[in-house]
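Below: the structure, in structure tokens.
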Amino acid sequence: MSDIVEFKQDAAFHYHRGLKLELNNDWKSALNSFELAYDKEPDNELYRYTYTSMLSLNGLLEEAEKILFSYIIDGEDVEQYYQQLSEMYIQQQRPNDAFLFGLMYVQIADDDDYLNDMLEMYDVQYTSLYDILYEAEVYTTQYIFHHLFNQGKLKEAKEWLLIQNDEVMESRLIQNLLAMSYLFNEEYEEARTLLEHLLRIDQTDITALCHYTLLLYNINETEAFENYLSTLKKIRPINDDQKLKLGVVLSFLKQYYDAYDLLFQIYKKKKSTNNLQLLIALMNSSYYIDKYDFAKKLYQYIQRQFKHYKVIAPWDYEADIHYVESIVQPLLHSEDSNDRLIGIFLLSHVKYRESLANPKYWTFTDQLTDREKLYLTHIFQQVQFKQVQPLHKGLQLIRAQFKVDDDFIEMAHIWIETIDDLNDIHQLTEKQLTALIGATIYHYYQNIGHKKTKKYICNEYNISLYALNKALDQLT
């Protein structure tokens, strides 16, 4: 019998360890312990509170927000999350956010003491408590919306707006956000209906004008789009909010010089350097008017400040587009079925899937055979089909071996022809299939005069010499 007594490292163990580390001001280690406790018991309110609070203290407020917002969206016992967020924003010296999220807690929990503490702390005077509580509702709603939207959670952002009460939904700010949400979710009829309603009420509403112009652009109503674009370019925004909205939309519509002029005015004031939307639009506009160094500076800043957001640099986007249009699209539109299979494979290897958002890159799907449609589904919807697994595994290993596109395409054709000639390809084990792929690549190297030995192939694919020789026999 062992004399060693092992501690039970359950959630409580990690929590108490975290408390000791926190008392010693070792916040980084405390965070690791609190995270372990939370991961083991995510429904424990105490573990959730300590973990998210320590995230904030370690400079990871966005991660804490992500967790707490998810609880608010779920809609149960939300007052505690609003209160904790208010406390976090106080620590981060963000008084406006602290006050308005705190008001949401006050409204739900009916906590007059907390209200009085905040009014005293921020020296706020008001004539109508109803008005400031309504402002808090609208503000926190749009804040959480932008959090979801900026993470690419477009459907969730729309659904968050749609569960708000009628009074919040009457806000023009929220209605404009909902219209934008419909627009980016490609619900164009809903977007048109709401935007035309907003413009009937106020034809000078810059946000609605911007979104309506984007709508016309997306649905290819060219003449109307050109008219509205001309109107947008004549607008002189009267404040930074209007400049931001107009600048971002003009950047999206590739009016880069106009966009840069508006956005840089805001940036140079140093008031909005933590506005991700501004930074991305300014980065893109700068790049496309040849201000490359400034664009790279902005990208580096974004990478440092917004580590948890996926942001595509315009030069990476352009590289993807060039690759798709010069290499992949000709294959996808070829009359040769094998070309199209290779094109589908290469399409899945584009660095950023966002680069494929343009519908013109998907027009090839109308001419696909059943096998090609199966392979497209296999790759992009991650549905496993036994019929195309040998094809896909072969192309994966070949791509790892042949970086140059011309060499890869030639070798890929050989592999497709090889599996089409073998009646028992689907009967092979995983190891036998790998050996066959290795044999095909070895055979190709021999034919083009490359001195790749059997030992090299065996080491590269972790197969035995016996398995390789047996596979080579299959090819002869």
Side-chain angles (χ1 to χ4, degrees), residues 152 154 184-186 188 217-220 222 252-254 284 287-288 310 312-422 425-426 433 436-437 440-441 443-444 447-448:
L154 306 183
F184 281 87
N185 278 287
E186 298 183 3
Y188 295 137
Y217 174 81
N218 285 350
I219 62 178
N220 296 316
T222 307
F252 185 86
L253 295 173
K254 302 180 181 180
N284 289 331
Y287 176 78
Y288 288 110
K310 181 181 177 182
I312 306 174
W315 45 91
D316 286 334
Y317 174 79
E318 288 297 324
D320 266 1
I321 296 302
H322 175 75
Y323 180 72
V324 170
E325 294 186 350
S326 63
I327 304 293
V328 181
Q329 285 291 300
L331 290 167
L332 292 172
H333 291 278
S334 168
E335 294 183 0
D336 185 301
S337 176
N338 290 354
D339 271 343
R340 295 196 295 272
L341 288 169
I342 296 166
I344 291 168
F345 174 81
L346 291 178
L347 193 66
S348 72
H349 280 64
V350 170
K351 186 174 181 181
Y352 297 105
R353 288 288 173 93
E354 292 85 349
S355 304
L356 304 176
N358 194 320
K360 73 177 183 179
Y361 296 137
W362 298 93
T363 57
F364 70 91
T365 56
D366 294 337
Q367 63 173 333
L368 297 183
T369 64
D370 289 343
R371 182 193 194 187
E372 293 157 16
K373 289 177 182 176
L374 203 66
Y375 189 42
L376 185 70
T377 304
H378 178 84
I379 288 185
F380 283 93
Q381 297 182 21
Q382 298 181 335
V383 179
Q384 298 301 309
F385 293 111
K386 187 177 180 180
Q387 301 96 309
V388 294
Q389 285 177 348
L391 162 69
H392 187 57
K393 180 170 183 178
L395 293 182
Q396 284 181 310
L397 294 183
I398 292 165
R399 185 58 174 169
Q401 187 73 213
F402 297 91
K403 301 298 183 183
V404 180
D405 291 310
D406 289 344
D407 292 344
F408 166 76
I409 292 169
E410 183 179 358
M411 184 64 236
H413 270 284
I414 293 171
W415 174 243
I416 296 172
E417 291 164 5
T418 298
I419 61 176
D420 286 348
D421 289 341
L422 294 174
I425 187 69
H426 298 295
L433 180 61
L436 184 64
I437 297 166
T440 306
I441 292 172
H443 202 267
Y444 174 76
N447 287 340
I448 63 174

Atom [atom1] of [X] with >12 non-hydrogen neighbours under 6.0 angstrom:
X	atom1	answer
N447	CG	yes
K310	NZ	yes
H322	NE2	no

For the residue pair Y317 and Y287, is the inter-centroid distance of their aromatic rings smaller than 6.0 Å?
no

Over all atoms of both residues, closest heavy-atom pair of [X] and [Y]:
X	Y	answer
I379	S348	CG2-CB, 3.2 Å
G394	I437	CA-CD1, 3.5 Å
L376	W362	CD1-CZ3, 4.2 Å
V328	G343	CG1-O, 3.5 Å
M411	I398	CG-CG2, 3.4 Å
A412	L395	CB-CD2, 3.6 Å

[X] vs [Y] side-chain heavy atoms within contact, under 4.5 Å:
X	Y	result
Q401	D407	no
D420	E417	no
K393	L397	yes
V388	L341	no
K360	E325	yes

Just do the side-chain contact (heavy atoms from CB on, under 4.5 Å) check on F364 and L347 with the steps written out, would you?
CA-CA 12 Å; F364 70 91; L347 193 66; 4.0 Å; yes

Spacing of [X] atom [atom1] and [Y] atom [atom2] [to the nearest 0.5 Å]:
X	Y	atom1	atom2	value
Y444	I414	OH	CD1	6.0 Å
F402	I409	CZ	CD1	12.5 Å
Q329	I321	CD	CD1	9.5 Å
L433	Q389	CG	CD	9.5 Å
H349	I344	NE2	CD1	13.5 Å

Evaluate side-chain contact (heavy atoms from CB on, under 4.5 Å) for L436 paired with I425, printing each intermediate quantity in order.
CA-CA 10 Å; L436 184 64; I425 187 69; 3.6 Å; yes

Going by the angle between their ring planes, with limits at 30° and 60°, are H378 and H392 parallel, tilted or perpendicular?
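H378 vs H392 ring planes: perpendicular.
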
Under 3.5 Å: donor-acceptor pair, side chain of [X], backbone of [Y]:
X	Y	result
W415	I441	no
N185	L154	yes
Q367	L332	yes

Step-by-step side-chain contact (heavy atoms from CB on, under 4.5 Å) determination, H333 to T363:
CA-CA 9 Å; H333 291 278; T363 57; 3.3 Å; yes

Between H413 and D339, does any side-chain donor sit less than 3.5 Å from a side-chain acceptor?
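Yes.
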
Any donor-acceptor pair under 3.5 Å linking the side-chain atoms of Q387 with those of Y375?
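Checked: Y375/Q387 side chains show no N/O donor-acceptor pair below 3.5 Å.
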
Using the rule given for side-chain contact (heavy atoms from CB on, under 4.5 Å), can you reason through K351 versus I312, listing the C-alpha separation, both sets of side-chain angles and the distance that settles it, and then say yes or no?
CA-CA 10 Å; K351 186 174 181 181; I312 306 174; over 6 Å; no

